[in-house]
Trainee: 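I'd like to ask some things about the structure below.
Nothing fancy with the numbering, it's 1 onward along the sequence.
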Amino acid sequence: MDKSYSEGNGIAELLCIVKNHIVLLLVVVVGVVALSLGYALISTPSYTATTTITVEPIASLVQNTGNKSASTGIVNEIQYFTSTGVVAKALGSMELGAYTRKDGTDYSDLLLEEKKFKNLLLKIELSEIENTNQVTVSFEHVNQDFANAFIAALHTAFDAKLSEISDEQLDKEHGLLKTMLRQAESSLVEAELARDELQSRPIYVEYNANNSSYHRILNFLEILLREVDPNIIAEDGLKTLGVLRIVDPTSVSLVENYTQEYSNLVYFQIAQLIKQTKANEVVSEDSPGGFYWENLEKSKLALLDHLSLIQGQAEAEVFLPQITSSVKVSFLADEKQYYFDSLKEFRSIALIEEKINYDLNQYKGKVLQYTNQLKSFEENRSIALNPTSVVEPVQIKDLDGNTPTLLILALGLFLGLALGFLCILLYDTFSDSLIDEFGIKKFVGEQIPIWTTIPKNQRNNNHSSIELGIFISLAGRTSEAFSQLAGIVQHGGTSNGGNVYCFSSLGYRESGVSIVLNLALSIMKNGKKVLMIGTNSEETMYPNIYDSIVASDTSVKKVSLEDMDLGAVKKTDTKLPLLHLASIDGEPHELSIILNSEAFSSTVQTAAEAYDIILIDGPTFRSPSNLLAVAKNSTGLVLNIRQGIASKKAMKQLLATVSVTKVPILGIVFNTMFGRPFMWEKYRIQKQDKKRLSGF
């Protein structure tokens with residue numbers, strides 16, 4: 001199929017489809033419009049109650065707490081207008097028994113029957129006014145008093161709903177603030193307890209008392225260590241004795257005594273530093289400590305005297321500095337490490353204290369913040385805000401209760417056209433009939449040209465076989481179509497070197513004989529000698545048909561193809577008739593044998609030399625064997641398609657047959673002479689065609 005054709009002619013194709021199904025379109029449109037008019041005539045008059053109100057966003061109703069910002073829209077708010085709860089509350093506030101219907105029943109069933117309640121909901125319409133927080137509410141009903149009262153009650157229920165929602169949010173926020181205040185107060189108490197517990201610990205007391213002193217002591221010990229001779233040979237005095245090989249008990253005792261006296265001196269000096277630090281005094285270089293210095297010197301002289309006795313004076317002068325340096329380094333290093341470790345622990349205590357103090361300040365600030373917020377919240381909440389305010393009071397439109405008849409009819413017309421077009425498209429899509437040139441070209445594209453379309457004409461009921469239509473005296477557009485087809489056939493033979501054409505149809509009773517006979521008559525009028533060969537197939541008995549033609553026109557002769565003396569036929573013989581109607585006398589079931597015989601081929605070849613044009617009314621395209629036989633003896637095949645009888649399915653089968661057998665199809669004649677068949681006629685033809693197909 002040629003897709004470009006289909007796409008390029010979309011509008012034209014659509015118009016053609018509408019034209020072909022105009023009756024269906026009119027039936028649907030008239031039916032829908034009639035239903036619309038009937039509805040307009042029998043419908044009960046209705047009234048519309050409207051009101052316009054300003055809606056305060058819920059966020060604005062609670063923004064005075066300081067935690068909300070005003071909203072610029074009311075989309076979330078107006079959804080409650082048609083909520084089940086609000087509508088039910090509005091109905092519950094009304095005296096429904098005071099309003100009655102035409103049948104005498106009251107409106108109390110609106111709260112009892114779900115279906116009626118839902119129908120009521122559907123009649124509520126909301127329309128926001130652009131760039132404002134205003135909304136127009138409309139309600140259509142047959143009882144104007146009920147409509148008026150319901151809109152007023154609905155507004156009241158909606159206003160109460162917004163107040164309820166804002167109160168819930170305010171209560172929730174108030175509770176949240178109180179919870180946060182309680183949590184902050186609880187955290188503050190916990191922080192205070194942690195601070196008191198820390199301050200009660202001895203190490204904290206020591207830290208606060210001795211932190212500065214310990215820093216000075218570390219500096220003091222560092223100075224003492226720098227003054228010691230670095231050339232020591234052991235970690236302490238006793239080990240130095242071992243290295244110097246001095247191991248007698250007296251020496252050990254003297255070194256221990258010296259170590260003790262040095263420790264006493266340093267402890268005294270440290271004690272002085274602590275006292276001076278607490279009193280914010282500057283450390284004095286001549287701090288009183290003569291007693292400790294005197295004892296240290298005595299111990300040092302005793303050690304020197306003893307070393308002189310056992311080692312000699314010279315060696316004693318050498319050993320003594322090493323021993324004293326070892327004693328000082330060992331003692332001072334231990335003391336420095338002690339104070340350094342103490343300061344590390346003090347630093348961790350300081351970090352804990354800093355964290356506790358930070359938490360205390362934070363929780364104090366939060367307690368103050370939440371206390372102030374609660375106070376402001378409670379003060380602002382006492383200010384009354386109205387969720388809604390009336391812009392236009394409730395009014396009743398359409399006081400006369402007129403039904404919009406013209407609007408209903410317009411909608412009915414529009415709906416009818418839409419449904420009509422839809423029905424046409426569906427019918428055209430699912431129908432199997434070929435009823436216009438567009439439908440044909442969808443299948444064949446540009447592969448097979450449509451030579452002509454025979455327009456609709458009245459049947460000639462004077463003929464014995466009514467389905468054959470008219471064979472003579474064609475007039476108007478029908479005559480022009482056959483003249484055009486005659487010209488194509490005559491000049492086509494000249495261009496391709498042949499003058500034998502076989503006409504065939506897709507299926508049963510497509511009236512191919514009407515086309516071939518009228519074409520033969522049209523060519524005869526042009527002064528050409530024509531031989532038409534009919535094949536007795538599918539209940540078409542040509543001898544009887546030919547009798548009718550000969551009786552109408554004496555210049556036409558009929559003859560049996562087997563009995564013809566083709567040797568006596570000359571194109572130049574003016575005495576011979578211009579049109580010979582020949583038939584194959586065999587029965588339909590013998591057709592295959594006749595068409596595939598050498599005798600038939602020889603007869604056609606001889607006749608082609610004697611006649612200007614030879615037309616063969618051949619078998620249907622469902623018989624590939626017979627078509628191949630005819631195609632072999634002809635210029636080519638011409639497909640006759642009758643409007644409304646030829647099917648899309650048969651066309652698909654034809655294209656498949658052509659692709660396999662390579663049968664040359666020169667063109668298509670679209671036959672609309674008899675118009676589209678009635679449904680009963682088409683059903684009868686399809687039934688008979690299906691029965692005949694079962695024999696193949």
Side-chain angles (χ1 to χ4, degrees), residues 1-48 50 82 115-116 118-128 130 136 138-142 397-398 400-443 445 453 456 643-649 651-652 670 672 675-683 686:
M1 172 180 139
D2 186 359
K3 293 185 178 179
S4 63
Y5 176 86
S6 176
E7 294 172 359
N9 296 275
I11 296 178
E13 181 180 358
L14 180 61
L15 293 176
C16 186
I17 291 173
V18 173
K19 179 182 177 182
N20 289 328
H21 301 286
I22 190 66
V23 175
L24 176 61
L25 177 64
L26 291 176
V27 169
V28 174
V29 172
V30 171
V32 174
V33 171
L35 290 175
S36 302
L37 179 60
Y39 172 78
L41 294 176
I42 66 174
S43 62
T44 303
S46 60
Y47 306 88
T48 303
T50 64
T82 54
K115 184 177 181 180
K116 292 183 178 180
K118 288 184 176 180
N119 289 335
L120 182 77
L121 286 176
L122 295 175
K123 294 180 180 179
I124 303 172
E125 294 185 1
L126 306 175
S127 178
E128 292 184 69
E130 189 176 359
T136 298
S138 301
F139 176 70
E140 184 180 352
H141 202 266
V142 296
K397 295 183 178 180
D398 300 329
D400 53 357
N402 288 331
T403 302
T405 305
L406 293 178
L407 177 61
I408 293 175
L409 289 178
L411 291 175
L413 178 61
F414 177 78
L415 180 61
L417 288 172
L419 290 176
F421 279 115
L422 179 61
C423 291
I424 287 174
L425 293 176
L426 289 175
Y427 182 85
D428 186 72
T429 300
F430 294 105
S431 173
D432 189 46
S433 300
L434 292 170
I435 59 175
D436 55 34
E437 291 186 5
F438 285 105
I440 299 172
K441 289 186 177 181
K442 278 184 178 181
F443 288 92
T453 296
K456 185 176 180 181
Q643 183 186 31
I645 292 181
S647 69
K648 297 176 182 177
K649 181 179 179 182
M651 179 64 80
K652 290 181 181 179
F670 187 42
T672 66
R676 295 167 61 180
F678 297 110
M679 292 298 296
W680 61 267
E681 180 184 4
K682 183 176 179 181
Y683 172 77
Q686 289 176 344

Trainee: Could you give the distance from CD (Glu128) to OG1 (Thr136), rounded to the nearest 0.5 Å?
Mentor: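 With rounding to 0.5 Å, CD (Glu128) is 10.0 Å from OG1 (Thr136).
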
Trainee: Give, for atom CG of Leu122 and atom CD of Glu140, the distance between the pair rounded to the nearest 0.5 Å.
Mentor: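 Atom-to-atom, Leu122:CG and Glu140:CD are 12.0 Å apart.
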
Trainee: Heavy atoms, side chains only, cut-off 4.5 Å: are Thr48 and Thr50 in contact?
Mentor: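 Yes, their side chains come closer than 4.5 Å.
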
Trainee: Nearest 0.5 angstrom please: Leu35 CG to Leu415 CG, how far?
Mentor: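 The CG atom of Leu35 sits 9.5 Å away from the CG atom of Leu415.
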
Trainee: Taking all non-hydrogen atoms of both residues into account, name the closest pair between Leu121 and Thr82 and its distance.
Mentor: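 Of all heavy-atom pairs spanning Leu121 and Thr82, the closest is CD2-O, 3.7 Å.
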
Trainee: Could you grab the distance from atom NZ of Lys116 to atom NZ of Lys118, nearest 0.5 Å is fine?
Mentor: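 With rounding to 0.5 Å, NZ (Lys116) is 15.0 Å from NZ (Lys118).
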
Trainee: Which value, rounded to the nearest 0.5 Å, describes the distance between Leu126 atom CG and Phe139 atom CZ?
Mentor: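 Here the rounded value is 12.5 Å.
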
Trainee: My understanding is that only one of Val27, Val33, Leu26 makes a side-chain contact (heavy atoms from CB on, under 4.5 Å) with Val29; could you say which?
Mentor: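 Result: among Val27, Val33, Leu26, Val33 is the only option passing the side-chain contact (heavy atoms from CB on, under 4.5 Å) with Val29.
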
